[in-house]
Amino acid sequence: MFASSALVTPLAAPFHVEITSFWSEHMRFHFMEGVPFVFHRPAQKIGYDGIDAIVVQHVETGAIVGDFDGIEVRAEAGSLYIIDFSRPAIIRDTVEIPSQKRNFVGLPRAFAKRWFGALDRLHGFVVPPEIAETYTGHLLRLRARLPQRSALDAATLATTATLLAQAITQATGHGTSRSDPARLFQKARLYIESSLSDPDLGAAEIARNIGASRTRLFAVFQGVGGVDRYIRSARLEAVKAALGAPAQAEPIAVLAETFGFRSAGQLSRLFRQHFGVTPSQFSAGADPGGVRRHAESG
């Protein structure tokens, strides 16, 4: 893993890092424990491997200092920091703690942009512990539960992405603003993504929970076809993500209930209208997700 993405210099000997990984098409979880080291992703490496992902790292113990394409960054225990793998970075673990714990989530650029919006200012961005704690608590609970699962389910992915997006939004100062359509749309979108299991989800509930009028809500969703259309598309995209991990093998009826459809028949009909294939046809061509565990030593 390290050799494919960066140059690694151990800060203690012998070098040993153990990583447990869980992955799907849209999100990869890596839970790492080992000796401190320096992670260097130079421009030459970027040009060679072409890895284009956004990685959000949770500093569970210790701290890091880094140079993110010319920006000096420090992240303390409990905080998050973000690496844009298309840009250079040098990240150094502190050496006060001999065994470091880091938990990170990798997202393809297109998926990250869908959840986080513009990505150009996120390289080296730090979310402080007091804002990150809801997401990091969720992440640590996942670390305990994921070994018992055969694959990542769509509900887990949606909850993780929602909590992460909320933390980043809050840390960047994008709170609720009735006068800013972009901020209002972001807050409404996050509420929708976290409430897909509710078959009665609609504009009135969304407006009430984000503190906006229905008129303002309808206005900001006009450019994407309206609130109801956006909700339907979000449900279908969530089902598509679940079908992309066929090792989970959830029946269509279960997916319909999980993501707020009235019946399996309704889900199948809308899925085919939206994607041009039935859920079964899509699932048959998907790649399975799974679990990997490995140790790296030197």
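By convention here, the first residue in the shown sequence is residue 1.
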Exercise. Are Leu11 and Val59 linked, directly or through other ILVMFWY residues, by side chains that come within less than 4.5 angstrom of each other?
Worked result: no
Problem set entry | Smallest separation among heavy atoms of Ile252 and Pro279, with atom names | CD1-CB, 3.5 Å
Which pairs would a plain distance check flag for residues 128-144, meaning a side-chain donor or acceptor within less than 3.5 Å of a matching protein atom at least two apart in sequence or in another chain?
residue : atom : partner : partner atom : Å
Thr136  : OG1  : Ala132  : O            : 3.2
Thr136  : OG1  : Glu133  : O            : 3.2
His138  : NE2  : Thr160  : OG1          : 2.8
Arg141  : NH1  : Gly137  : O            : 3.4
Arg143  : NH1  : Glu60   : OE1          : 2.6
Arg143  : NH1  : Asn103  : OD1          : 3.3
Arg143  : NH2  : Glu60   : OE2          : 3.1

Seminar exercise, completed: Between Leu196 and Ala234 the two heavy atoms that sit nearest each other are CD1-O, 3.7 Å
Exercise. Under the salt bridge (charged side-chain N to carboxylate O under 4.0 Å, His left out) test, which residues partner Asp69, sequence neighbours left out?
Worked result: Arg87
Problem set entry | Chi angles and distances behind the salt bridge (charged side-chain N to carboxylate O under 4.0 Å, His left out) call for Asp67, Arg92 | CA-CA 9 Å; Asp67 182 317; Arg92 180 186 180 94; over 6 Å; no
For this session: Scan residues 264-278 for pairs that pass side chain to side chain donor-acceptor pair (under 3.5 Å), counting only residues two or more places apart or in two chains.
Result: Thr278-Gln281
Exercise. Applying the 4.5 Å side-chain criterion to the ILVMFWY set and letting contacts propagate, would Leu190 and Phe125 be lumped into a single cluster?
Worked result: yes
For this session: Measure the spacing between CE of Met27 and OG1 of Thr156 and express it to the nearest 0.5 Å.
Result: 9.5 Å
Exercise. Can you tell me how far OG of Ser86 sits from CD1 of Ile51, rounded to the nearest 0.5 angstrom?
Worked result: 11.5 Å
Exercise. Side chains of Phe282 and Phe275: closer than 4.5 Å at any heavy-atom pair?
Worked result: no
For this session: With the side chain counted from C-beta on, respond yes when Val126 and Val73 share a heavy-atom pair under 4.5 Å apart, and no when they do not.
Result: yes
Exercise. Should Thr20 and Glu33 count as side-chain neighbours, where that means a heavy-atom distance under 4.5 Å?
Worked result: no
For this session: State, to 0.1 Å, how close Phe37 and Pro10 come at their nearest heavy-atom pair, and which atoms those are.
Result: CB-CA, 4.0 Å
Exercise. Does any pair with a residue in residues 189-211 pass ring-ring contact (aromatic ring centres under 6.0 Å, His included), and if so which ones, sequence neighbours excluded?
Worked result: none
Exercise. Would you say Phe15 and Val17 make side-chain contact, with heavy atoms under 4.5 Å?
Worked result: yes
Problem set entry | For Val55, side-chain contact (heavy atoms from CB on, under 4.5 Å) partners two or more places apart | Ile83, Phe85, Phe104
For this session: State the OG-CG distance between Ser280 and Leu243, to the nearest 0.5 angstrom.
Result: 8.0 Å
For this session: Decide yes or no on side-chain contact (heavy atoms from CB on, under 4.5 Å) for Ser24 and Leu157, but give the supporting numbers first.
Result: CA-CA 9 Å; Ser24 72; Leu157 299 180; 3.5 Å; yes
Exercise. Roughly how far, to the nearest 0.5 Å, is CZ of Phe29 from OG of Ser21?
Worked result: 11.0 Å
Seminar exercise, completed: By side-chain contact (heavy atoms from CB on, under 4.5 Å), Val227 pairs with (sequence neighbours left out) Ala203, Ile206, Leu217, Phe218, Phe221, Ile231
Exercise. Is any side-chain heavy atom of Thr94 less than 4.5 Å from a side-chain heavy atom of Gln100?
Worked result: yes
For this session: Take Gln57 and Ile82 through the side-chain contact (heavy atoms from CB on, under 4.5 Å) test and state the conclusion after the steps.
Result: CA-CA 6 Å; Gln57 179 123 229; Ile82 301 175; over 6 Å; no
Problem set entry | Arg235 and Glu237 ion-paired at < 4.0 Å | no
Problem set entry | Over all atoms of both residues, closest heavy-atom pair of Ala75 and Tyr81 | CB-CD2, 3.9 Å
Exercise. Is the closest side-chain heavy-atom distance between Arg216 and Leu184 below 4.5 Å?
Worked result: yes
For this session: Taking the side chain as every heavy atom from C-beta outward, state whether Asp198 and Glu205 have any pair of such atoms under 4.5 Å apart.
Result: yes
Exercise. Under 4.5 Å between side-chain heavy atoms, hopping through other hydrophobics if needed: is there a path connecting Val277 to Phe261?
Worked result: yes
Using atom types as modelled, flag every donor-acceptor pair under 3.5 Å from a side chain in residues 114-124 to any protein atom, sequence neighbours excluded.
residue : atom : partner : partner atom : Å
Arg114  : NH2  : Glu193  : OE2          : 3.2
His123  : ND1  : Asp84   : N            : 2.9
His123  : NE2  : Pro88   : O            : 2.8

For this session: Would you please name every residue forming a side-chain contact (heavy atoms from CB on, under 4.5 Å) with Arg232, sequence neighbours left out?
Result: Arg229, Leu236, Leu270
Exercise. Asp52: what forms a salt bridge (charged side-chain N to carboxylate O under 4.0 Å, His left out) with it, not counting sequence neighbours?
Worked result: Arg109
Exercise. In chain order, what residues pass the salt bridge (charged side-chain N to carboxylate O under 4.0 Å, His left out) check against Arg262, with sequence neighbours excluded?
Worked result: Asp200
Exercise. Which value, rounded to the nearest 0.5 Å, describes the distance between Asn209 atom CG and Lys187 atom NZ?
Worked result: 9.5 Å
Exercise. Are Phe39 and Ile64 close enough that some pair of their side-chain heavy atoms sits under 4.5 Å apart?
Worked result: no
Exercise. Which value, rounded to the nearest 0.5 Å, describes the distance between Lys240 atom NZ and Ser283 atom OG?
Worked result: 13.0 Å
Problem set entry | Cluster overlap Phe31 with Ile97, hydrophobic side-chain contacts below 4.5 Å | no
Exercise. Partners of Ala12 by side-chain contact (heavy atoms from CB on, under 4.5 Å), sequence neighbours excluded?
Worked result: Val35, Pro36
Exercise. With sequence neighbours excluded, what pairs up with His26 under the ring-ring contact (aromatic ring centres under 6.0 Å, His included) test?
Worked result: Phe111
Exercise. For the side chain of Thr61 and the backbone of Lys101, is there at least one donor-acceptor N/O pair under 3.5 Å apart?
Worked result: yes
Exercise. Are Val8 and Ile90 connected in the hydrophobic side-chain network, where two residues link if heavy atoms are under 4.5 Å apart?
Worked result: no
